Amino acid sequence: MLSKKTKYAIKALMVLGRNYGKEPMQIGKIAEEERIPKKFLEQILLEMRNAGILYSKKGAGGGYSLNKAPEDIYLSQVMRLVDGPIALLPCVSLNFYRSCEECVEEHACGIRDTFIEVRNAMLQILNDTSILNLINKEKELNLETGR
């Protein structure tokens with residue numbers, strides 16, 4: 001399941017993506033716009049700044065902005081940064097591999113084999129979906145519903 005922290009990170013990146021190329025946004029405005037607790041958002045934005053996804057400016061006119069174009073920030077990157085492994089089992093994780101304690105023969109495990117397929121399908125989507133894709137998808141959905 002997607003954690004609230006990751007969902008909030010994606011929502012904040014979408015706000016900043018819609019604001020890309022403009023003045024930095026203050027945390028309070030992002031928090032209010034997306035109904036994210038401000039203190040929690042501060043932690044999330046700091047993590048993303050430390051990872052190079054965001055830029056922050058202090059003082060008057062300060063705030064956060066994207067350090068990369070929204071089309072260059074992918075969901076897989078954000079999810080790994082915020083929550084770590086994407087895979088549903090540690091034995092199929094590409095970046096956070098751990099063998100399962102109860103597994104006798106990993107190479108002959110039907111569960112593992114199936115969840116490698118799940119991981120691959122999920123990664124295909126997450127690696128191909130950028131913040132800009134989500135912003136555009138939201139626009140399309142709003143047009144369809146008349147908002």
Side-chain angles (χ1 to χ4, degrees), residues 1-101 106 109 111-147:
M1 207 184 241
L2 194 64
S3 73
K4 266 197 175 176
K5 187 176 181 184
T6 298
K7 189 173 182 180
Y8 288 162
I10 294 168
K11 287 168 113 350
L13 288 170
M14 289 176 68
V15 170
L16 292 168
R18 287 189 291 270
N19 195 59
Y20 185 65
K22 300 176 186 168
E23 291 295 314
M25 289 185 74
Q26 294 182 342
I27 292 174
K29 179 151 175 53
I30 299 167
E32 182 182 321
E33 200 170 306
E34 291 300 327
R35 296 185 186 112
I36 302 171
K38 188 177 174 185
K39 287 287 184 194
F40 196 28
L41 182 60
E42 285 173 359
Q43 295 170 1
I44 295 167
L45 296 180
L46 184 61
E47 278 183 43
M48 289 194 291
R49 188 201 69 185
N50 291 340
I53 293 174
L54 299 180
Y55 166 80
S56 66
K57 180 180 174 188
K58 293 183 180 188
Y64 281 91
S65 56
L66 295 182
N67 207 24
K68 301 176 174 183
E71 61 268 22
D72 295 329
I73 302 170
Y74 293 91
L75 290 183
S76 57
Q77 176 187 14
V78 176
M79 289 176 68
R80 282 189 180 115
L81 172 66
V82 177
D83 273 341
I86 292 173
L88 299 175
L89 295 173
C91 66
V92 301
S93 180
L94 294 174
N95 298 313
F96 302 90
Y97 172 85
R98 279 190 347 262
S99 62
C100 294
E101 296 171 10
E106 192 174 89
C109 178
I111 296 169
R112 181 177 188 269
D113 193 58
T114 298
F115 279 87
I116 285 173
E117 291 179 38
V118 170
R119 178 208 62 206
N120 290 342
M122 192 163 61
L123 273 178
Q124 181 71 51
I125 294 167
L126 297 174
N127 284 334
D128 290 345
T129 305
S130 70
I131 294 301
L132 183 61
N133 294 133
L134 293 179
I135 292 168
N136 290 336
K137 186 172 290 229
E138 208 169 72
K139 284 179 188 173
E140 289 172 25
L141 292 169
N142 283 328
L143 285 174
E144 289 174 12
T145 60
R147 290 188 192 179

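No experiment lies behind these values; they were computed from the predicted model shown.
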**Nearest non-hydrogen partners of C100 and P90, listed with the distance** = SG-CG, 4.3 Å
**Asked** Could you state the interatomic distance from CD (E34) to CD1 (I10), rounded to the nearest 0.5 Å?
**Response** 11.5 Å
**Prompt:** Mind checking whether E140 and L143 have side chains closer than 4.5 Å, heavy atoms only?
**Reply:** no
**Prompt:** Taking everything shown except I111 itself, do over 12 heavy atoms lie less than 6.0 Å from its CD1?
**Reply:** no
**Message:** Checking the side chain of N133 only, and the main-chain atoms of S130 only, is there a donor and an acceptor separated by less than 3.5 Å?
**Reply:** yes
**Asked** Counting only N and O atoms by type, is there a donor-acceptor contact under 3.5 Å from the side chain of Y74 to the main-chain atoms of E71?
**Response** yes
**Message:** So which atom in G17 and which in L66 form the shortest heavy-atom distance, rounded to 0.1 Å?
**Reply:** CA-CD1, 3.5 Å
**Asked** So does Q26 have more than 12 non-hydrogen atoms from other groups sitting under 6.0 Å from CD?
**Response** no
**Prompt:** How far does CG of L13 sit from CZ of R18, to the nearest 0.5 angstrom?
**Reply:** 11.0 Å
**Item:** Atom pair CD1 (I36) and NZ (K38), whose distance is rounded to the nearest 0.5 Å
**Value:** 13.0 Å
**Message:** For a quick test of reading the model, state the closest non-hydrogen atom pair linking L2 to T6 and the distance between them.
**Reply:** CD1-CG2, 3.4 Å
**Prompt:** Is the side chain of D113 donor-acceptor paired with the backbone N or O of C109 at a distance under 3.5 Å, no angle test?
**Reply:** no
**Complete:** Output for pair (L94 CG, I116 CD1), nearest 0.5 Å, gives 9.0 Å
**Prompt:** Mind checking whether T129 and K137 have side chains closer than 4.5 Å, heavy atoms only?
**Reply:** no
**Prompt:** Under a 4.5 Å cut-off applied to non-hydrogen side-chain atoms, are F115 and C91 in contact?
**Reply:** no
**Prompt:** Counting N and O atoms only, with roles assigned by atom type, does the side chain of N67 sit under 3.5 Å from a partner on the main chain of Y55, one being a donor and the other an acceptor?
**Reply:** no
**Message:** Can you tell me how far apart CZ (R80) and CG (N95) are? Round to the nearest 0.5 Å.
**Reply:** 4.5 Å
**Fill in**
Closest non-hydrogen contact found for I27 with E42 is CD1-CG, 3.5 Å
**Item:** Heavy-atom side-chain proximity of N120 to E117 below 4.5 angstrom
**Value:** no
**Asked** For the residue pair P24 and G63, what are the closest heavy atoms and their distance?
**Response** CB-C, 3.6 Å
**Message:** Nearest 0.5 angstrom please: K11 NZ to L16 CG, how far?
**Reply:** 13.0 Å
**Derivation of the side-chain contact (heavy atoms from CB on, under 4.5 Å) call for K139 and N136** = CA-CA 5 Å; K139 284 179 188 173; N136 290 336; 4.2 Å; yes
**Request:** Check K5, K7, M1 against S3 for a side chain to side chain contact (heavy atoms under 4.5 Å, CB included) and give me the one that passes.
**Result:** K5
**Asked** Where do V82 and E47 come nearest, in terms of heavy atoms and distance?
**Response** CA-OE1, 4.2 Å
**Item:** Heavy atoms of other groups near E33 CD, more than 12 under 6.0 Å
**Value:** yes
**Message:** Quick check on side chain to side chain contact (heavy atoms under 4.5 Å, CB included): which of L123, N127, V92 does I86 satisfy it with?
**Reply:** L123
**Request:** Output yes when K29 and E23 qualify as a salt bridge under the 4.0 Å nitrogen-oxygen rule, no when they do not.
**Result:** no
